[in-house]
Every structure is written in structure tokens, then in C-alpha cells.
Amino acid sequence: MTKEKNPYAGRPGATHVEAVKERFPGAVTDVSWSTDYQPVITVDADSAPGVIEYLYYERGGWMPVMAANDERPLINKFALYYILSMEEQDKCMLTVRCELDPVSGEFQAVSARVPAAVWSEREAQDLFGLTGRNILDNRNLVLPDDWPQDLHPLRKDSMDYRFRPAPTREIENYDFLKDTGDHETRVIPMGPMHITSDEPAHFRLYVEGEQIIDADYRMFFIHRGMEKCAESRLNYDGVNFLAERICGICGYAHSVAYAETVERAQGIEVPKRAQYIRSILMEVERLHSHLLNLGLVCHYTGFDTGFQHFFRIREDAMDLAELLTGARKTYGLNIIGGVRRDILASQTAETFAKIDKLRDDTKRLCDQMLSTPNFRKRVEGVGILAPKIARDYSPVGPVVRGSGFARDARWVHPFEGYQYIADHHKPFTEESCDVKGRTLVRVHEVLDSMDIVEELLRDELPAGPILNDKFHIEPGKFAIGYDEAPRGENVHWSMIGNNQKTYRWRAKAATYSNWPVLRYMFRGNTISDAALIVGSIDPCYSCTERVSIVDVKKRKEQILTKQQFEEYGRTQKHSPIDM
Amino acid sequence: MAEFIIALVQGILLVLLAPLASGIARWFRAKVHTRKGPSIFQDYRDIAKLLKRQDVHSNVSSRVSRIMPPLYIGCMIVLGMGMPMATRFSPIPFLADIILVIYMLALPRFFFALSGIDSGDAYAGTGGVRELIMGTLIEPSLMLALFVAAIACGTTNVGTMGQMVGAGTVQSPIAFVIAGIAFAVACYIEMGKLPYDEAEAEQELQEGPLQELSGPSLAMMHIAVPMKQVVLASMFVAIFLPFGSAVDLSVAGLAVGTVVYLVKMVVILVVTMVIENCVSRVRWKFVGHQTWFVFAIAVCAFAFCVLGI
């Protein structure tokens with residue numbers, strides 16, 4: 001070690017690497033940089049929890065996601081990539097990699113020490129058949145509960161994609177968590193279909209009177225198997241168009257995040273003009289997404305007039321998207337190496353006019369919303385997300401900013417066009433930790449987005465090409481792509497294989513990081529606030545649930561829980577769980 | 001005999017026109033939302049459709065759920081028959097006694113709440129409990145305000161009270177006016193419109209007890225709920241704003257009275273429509289704070305009444 005003293009001094013993340021080496025002698029087996037900004041530390045599997053806990057709590061790390069990878073065909077090992085966003089000193093996106101035994105697939109679960117890893121590790125258990133020792137929560141996350149024991153869809157040797165396994169059990173065997181102490185509670189089932197949610201998710205609220213004592217939820221009713229599809233059926237450049245279909249609202253952010261993984265891993269330089277265009281379009285996407293959520297907040301509090309008017313002015317934001325991209329949704333614009341469509345001078349002028357109008361409308365409507373009778377009382381002190389819980393679980397976007405943490409990938413790890421204007425922007429935060437805080441963050445951000453679009457378009461939009469198509473793809477390289485979608489940070493990780501395909505693609509939608517804290521936000525509120533609290537994280541159901549390969553929905557509807565849920569909803573007797 | 005015919009006509013017209021009132025409210029709501037919205041006759045179409053449908057009840061529910069809708073609508077028809085509308089006096093004085101009116105309002109509420117709990121649905125049950133709590137919170141103010149009006153007028157009959165007011169012979173006018181304010185607010189809360197539609201809160205409880213109703217039962221509730229709103233508004237104008245209504249049974253008097261009554265109803269409808277579209281729903285745990293405020297106004301009226309001013 002003394003021989004190669006500081007061979008990487010000065011590179012982003014080098015101080016973290018040094019600190020880990022000093023604190024855990026012998027644990028680090030390899031250090032490399034997948035890109036300039038992304039150090040990768042390979043540690044032995046047993047010390048991973050300690051290393052990550054140290055980086056997370058003592059060196060200002062946050063954990064967006066962990067990507068598991070079946071590398072048995074490459075190196076005869078499974079590999080785990082814990083992605084850490086180092087946000088305090090020596091900022092970088094740091095990956096802690098560990099290799100697992102190909103037969104047992106056992107790993108020391110990080111979630112025992114850093115709860116933020118819990119969903120990723122549960123997912124790795126489901127989809128790769130790995131076994132986490134001391135894992136925080138050992139239930140199925142992604143796979144349905146009647147899934148065959150030894151079938152793990154994302155293993156390379158798992159099965160033919162046309163294969164449909166038969167269900168193995170007819171009773172629901174998902175243990176809902178229930179930490180109600182000595183309160184006498186009854187169960188309020190909310191969903192899978194509920195009037196305020198457009199997509200299925202099942203919440204089980206344990207209430208005493210109207211007070212929610214505890215809550216748990218089961219999701220992943222609508223997997224689309226995108227990651228498997230990308231690996232098995234698409235070329236690496238086609239995945240871009242699949243990525244944007246992850247979400248109907250913030251699809252563009254996913255597309256940018258995926259494109260970044262490939263561009264960074266392969267060292268493809270994106271022309272400056274394309275970077276600007278990407279940032280502008282992401283802000284346009286934020287505009288219509290935040291306006292949607294502000295409308296929904298009104299709706300959940302019973303103020304439908306506000307809801308309809310937010311949707312009215314949101315239409316202007318959609319027009320803006322249509323003007324700049326040719327479609328109301330910002331789809332189909334990104335390809336690896338740049339964008340497909342330029343912004344013309346005439347469109348710039350029209351954009352300014354539209355933004356001026358939108359800004360006036362938004363300001364006026366937000367004022368009206370906040371001065372509506374009862375509105376403040378509905379949102380103040382509701383759905384508290386304590387800063388400690390937030391620190392433990394790494395939520396993202398307005399949820400974490402509403403609890404006082406300045407996490408915003410645009411300004412913490414500036415990327416694309418944002419890196420040229422990052423010096424005079426900073427994340428908006430609110431200290432109130434409640435629905436009001438999250439709503440106010442969105443109000444600030446929607447106005448800020450308009451300023452950013454204007455700033456990027458006004459005199460800074462650089463001339464030049466919008467696409468770089470001179471590159472070669474080298475297999476085996478991987479990198480992290482991240483960006484700030486309206487709901488928070490989207491993180492993608494991909495590794496290119498040797499047949500023009502992605503070997504592994506891990507897409508983390510923003511909401512994936514926000515679901516695990518929801519349980520804590522429910523506690524102590526009343527049933528009447530439940531929908532509002534769910535709404536305040538601006539949830540994306542199908543985005544979160546993009547993984548796994550089977551049409552579970554059909555299976556479930558025919559066989560499993562629907563009847564029981566219905567029966568139970570009517571009678572409140574013979575609970576499939578409690579009895 | 002003529003009085004009885006008036007009562008009968010009132011009852012029938014109330015049933016027939018209540019969906020128009022809710023239809024107008026829907027149409028107005030759509031306009032405020034900048035939506036095109038349904039026509040004002042949409043509620044008739046909905047009711048016609050529902051009447052053709054099967055009446056489904058959950059298999060754990062008892063007879064309570066089945067008798068609630070007819071009982072509810074029946075109570076409202078009885079109230080509508082006795083309430084002075086176009087006339088200043090009550091067509092059937094026995095039915096316009098405030099003690100009876102209050103109980104006739106409490107009875108359907110009780111069954112409405114019970115049917116929610118009876119249905120076995122978690123949300124309907126919660127809505128039922130809310131309905132009962134709303135009743136407990138607002139009925140004292142309603143009763144106290146009426147009580148003050150009764151003392152001030154020396155009678156418990158709605159029609160006679162209206163006649164006293166029309167003749168200007170109320171004993172403690174200030175107390176009476178304050179009681180009128182308390183009664184108006186209490187009536188609005190009682191109507192169950194936003195921000196006080198706690199029992200049926202759509203986004204919170206998925207329509208509460210209503211969600212377990214279907215077919216003709218739901219159709220009856222679609223008629224009965226706006227009927228209740230019209231009855232409450234009628235009671236308010238009959239006691240506190242009786243001006244313009246027919247004092248005798250002359251044809252001209254009745255015609256003028258009818259027109260004046262309709263104008264008053266439209267004004268009240270517009271006021272309620274504006275309010276319900278400009279507010280968020282009260283957070284359930286704060287409803288009590290707001291009803292206490294109403295109660296304070298009613299107590300104030302009572303104090304003035306005791307002082308005799």
C-alpha cells in the first residue's frame with residue numbers, strides 16, 4: 001500500500017477511498033474509476049455493510065439504489081453495486097462493489113445498518129435468488145407471494161421469457177407489518193383500487209377510531225418486466241425509448257438517465273447544445289408534473305376548483321412541450337450521443353411568451369390555493385417525515401427537501417446543461433417536514449423551472465451540433481446515470497454486453513426511494529389524511545414497479561387475492577391475515 | 001281542504017324538483033371549474049338510469065340498509081308537506097312544529113349512519129360514525145337557535161313564527177336576528193355541502209354510506225339529499241325571511257308567494273354554490289372547532305333573549 005501511495009490523488013472521491021482503506025484495512029480489493037466522477041471500490045462481501053455504513057453516516061453519503069448483477073457468465077460471481085451519492089465533502093457518485101459466491105449467493109445485508117438499502121436488497125433476493133443475511137425485511141417485494149420458490153427472473157439462466165409459471169398457492173401469505181403496541185385497532189383497507197389512486201397499490205391502515213396507528217402496503221401489482229426485456233430483446237440504443245416509457249409523466253428524465261449511463265461508461269461526448277436542450281426539456285417536464293401535483297393536492301383536500309384550474313394552466317405547459325418536441329409528451333427525443341430535434345429561434349421566442357403567461361397564472365393560482373379556507377389547516381402538520389427517518393431511508397425530491405435536506409441532483413451533482421449554471425442555483429428546502437412543506441417546495445420549483453428554461457434559452461444556448469454519433473461501444477463497461485426528475489432523483493445503472501445489448505440495466509425511479517418512508521408518514525394521522533399523504537410524495541406506481549417479467553396482474557385477478565380482498569372489504573371478518 | 005292540497009302539491013313538487021336543484025349545482029360547479037359540464041337535467045337522467053338497475057346490498061347487511069332510503073325520502077316528504085313555502089302559514093300546522101321538525105331531521109340521519117355501519121364496509125362505517133358525530137356537533141346549535149326564535153315569538157310553530165315576523169311583533173328582535181345568523185350557518189353545515197361533507201367525503205371515504213347503495217336505493221338518496229337541503233333552506237326563509245309569501249289562500253297571493261319563494265331559493269342556492277366551490281374540506285379533527293363557533297353565536301342569541309332585547 002505504501003508503494004502506490006495515493007496514485008489517484010485529486011480525482012473525485014479519492015479522499016473517500018483513502019478513508020475507507022484506512023478505516024477498514026484489507027477490505028478493499030480493488031479501486032477504479034468507471035468515469036471521472038464515479039469511483040468504484042470493490043470490497044469483500046463481508047465488510048460491505050461496515051464500509052457502506054461508514055460512508056453513509058460518517059462521510060455524508062446517501063444511497064439511491066443498489067444494482068445486483070448476475071456476472072456468472074463473465075467472472076463466475078454475482079456482483080452487487082451499492083451506489084452512494086456523496087453529497088457533503090468531495091462530491092461524487094461512489095459505487096461500492098462486492099462479489100458473491102455463485103452457488104450460495106449469500107451476502108451480508110447492508111439494510112441491517114443502512115435502511116435505505118432495504119428495497120434494493122429485497123428486490124435482489126426476489127429477482128436474483130440471493131440471500132441477504134440479517135436483511136431488514138425478508139418478505140417478497142417484487143415477486144408475487146405465490147411465485148415458485150426457485151425461479152428468479154433476472155438470472156441469466158432463469159428461463160425462457162415466454163414461459164409462464166403456474167401459481168403455487170391460493171392463499172395470501174404476505175405478512176403485513178403491524179406495530180400497533182397495545183392499541184385496539186381495526187383495519188381499513190385502502191386499494192388496490194381506491195378513488196384517489198389511479199394505479200393499484202394496497203395499503204392496510206391500522207386505525208383506532210380515525211387515528212392511524214400503523215400502516216403497511218403491498219405494491220408491485222403492475223410489473224412490466226422492462227429490465228428483462230431490455231436485456232433480452234433490445235439493442236443498447238433501443239433501451240432509451242423503453243426507458244422513457246417507464247413513466248407517463250417524467251419519462252424524459254428516465255431517458256436522459258439511461259443515455260447518460262451509456263455515454264459516461266463509453267466516454268461519449270455529448271455536444272454542448274444537446275446538453276442544454278436536454279436540461280430545457282427536463283425543466284419543461286418538471287413544469288407539467290409539478291402543476292399536476294399541485295392540482296392533486298387541491299383535489300385531495302376537497303378543493304376541486306383549484307384542481308381543475310391547475311389542470312387548465314398545466315395545459316399551457318403541455319403546449320410548451322408540444323412546441324419544443326412536437327408532442328405533448330417529451331418522448332422520442334433522446335438518443336445515445338445527443339438529441340434528435342433542435343430548438344429553432346422562432347420556437348425560442350414563442351417559448352418566452354408562453355412562459356410569461358404561465359408564470360403569471362401559476363403565481364396567481366398558487367396564491368389562491370394557499371389562501372383557500374381550510375387549505376392550510378389540511379396540510380399543516382400532516383404526514384410528518386422526521387428528518388431522522390429521512391436520513392435513514394434516503395428519500396428524494398420534494399419529499400426530502402420538504403424535510404430540510406438540500407438534496408437535488410441538479411445542483412449537488414450538476415449534469416448536462418445544469419453544470420453551466422449551477423453556480424447561482426441551489427435546492428429549495430422547507431423545514432416543516434409536512435405536506436405543506438412538500439407543496440411549497442413544488443410551488444418554488446415550478447417557478448424556478450420557468451426561470452431556468454428562460455436562462456438556458458436566452459443567451460446561453462450554444463451553437464453547434466446536437467448529436468455525436470462517432471463512437472464505438474466497448475462491452476463490459478458500466479456507469480451510473482442520474483438526473484433530477486420532478487419527483488426526485490432517477491438513477492440508472494447499466495453495463496453493456498458484447499452483442500450490442502445491455503448486459504444489465506437497473507432503473508431506479510424517484511418514487512422507489514420514497515415509498516419506504518410512507519409508513520412513518522402515515523403514523524399519527526387520520527384516515528382522512530391518508531390519501532393526501534400518499535399524494536404528497538407524488539407517487540408513481542408503475543414506475544416503481546417496472547421490474548420482473550410476468551403479467552402478474554392477470555394471474556392475480558383470476559386466482560388469488562381479489563376475492564378475499566373484496567370479501568374482506570365487505571365483511572371485515574375472516575381477514576386473510578389477522579385470523 | 002285547500003291547505004291539504006297545497007301540502008300535497010308541495011310534497012310532490014319537492015320530490016320532482018329536488019334533482020333540478022342538485023343539477024344546477026353540478027352545472028355551476030362545472031362552470032367554475034372551466035369545464036363544459038353536464039346539463040342541469042343530468043341528475044334526472046342519472047336517477048332514471050339508477051331506477052332501472054338492480055338493488056344490490058352486501059350479504060352481511062340487515063334490513064336497516066334496505067329501509068333507510070325510503071325512510072329518508074319519506075321523512076323529507078312529510079317535512080316538505082308541513083313546511084310553509086309559498087304560504088306564510090303551514091299547510092298542516094301539526095307538521096311544522098319545531099320539535100317535530102328536529103326529530104324528523106334526526107331520524108333519517110340516524111338511519112343513514114346506521115346503514116353505513118350496517119353495510120360492513122370500512123369506509124361506509126367510518127362515514128356513518130362521522131355522520132352521527134356531525135349530528136351531535138351541530139344539532140345543539142340548531143336547536144338553541146330555534147329555541148330562541150320560539151321564545152322570541154312565543155310559539156313553536158314555524159308558520160306562526162313567520163306570521164309574527166311578518167307582522168313585526170317579535171319580542172326580542174336583536175336576539176331573533178342573531179338566532180337567525182346562527183340558524184343559517186347551522187343549516188349550511190347540516191346541508192352536508194363542502195366544506196362540511198365529512199360523511200361522504202369523496203377523496204377520503206369514497207362517498208361514505210352512499211358507496212354501498214346502488215340502483216333504486218341510490219336513486220332515492222340522490223333525490224332525498226337535495227330535498228333535505230331545500231327543506232332546511234325553506235325552514236330558514238319561513239321563520240326568518242317570510243316576507244312576500246301568501247298570507248291567505250287567494251290565487252293572486254299564492255302566485256306572488258310562489259314566485260317570491262322560488263327567488264329566495266335561487267338566491268340561497270347561488271350562495272351555497274359559491275361557498276362550496278371556494279373551499280377545501282375541513283380537516284375532520286377540526287370540525288368541532290368550527291361548530292363550537294356556531295354554538296357560541298346561538299348562545300349569544302339566547303343571552304340576548306333572556307335579557308329581552
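B:F110 CZ: 12 or fewer foreign heavy atoms inside a 6.0 Å radius. Other residues, nucleotides and ligands place more than 12 heavy atoms under 6.0 Å from the CZ atom of B:F286. Annotation for A:M318: atom CE counts as buried by contact number, over 12 foreign heavy atoms lying within 6.0 Å. For B:R35, the CZ atom is densely surrounded, since the number of other residues' heavy atoms within 6.0 Å is greater than 12.
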Take B:Q290 and A:N374 through the side-chain contact (heavy atoms from CB on, under 4.5 Å) test and state the conclusion after the steps.
CA-CA 11 Å; B:Q290 304 199 358; A:N374 298 323; 3.3 Å; yes

Step-by-step side-chain contact (heavy atoms from CB on, under 4.5 Å) determination, B:R130 to A:S528
CA-CA 11 Å; B:R130 282 189 174 190; A:S528 51; 3.0 Å; yes

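With a 4.5 Å cut-off on non-hydrogen atoms, A:R312 touches chain B through its side chain but not through its backbone. Neither the backbone nor the side chain of B:E276 has a heavy atom closer than 4.5 Å to any heavy atom of chain A. Residue contact with chain B, scored on non-hydrogen atoms closer than 4.5 Å, involves the backbone of A:E380 exclusively.
Here the closest non-hydrogen pair linking B:R283 and A:N525 is NH2-OD1, 4.0 Å. Contact record, B:C278 with A:P373: O-CD, 3.4 Å, taken as the closest heavy-atom pair.
Taking NZ of B:K31 as the start and OG1 of A:T305 as the end, the distance is 14.0 Å to the nearest 0.5 Å. Taken from OG in B:S280 to CZ in A:R376, the straight-line distance is 11.5 Å, to the nearest 0.5 Å. Once rounded to the nearest 0.5 Å, the distance linking OG1 of B:T34 with NE2 of A:H309 reads 4.5 Å. Rounding to the nearest 0.5 Å gives a distance of 11.0 Å between CZ of B:R281 and CG of A:L532.
Ranked by non-hydrogen atom pairs under 4.5 Å with chain B, the options A:V382, A:D529, A:T526, A:I527 are led by A:D529.
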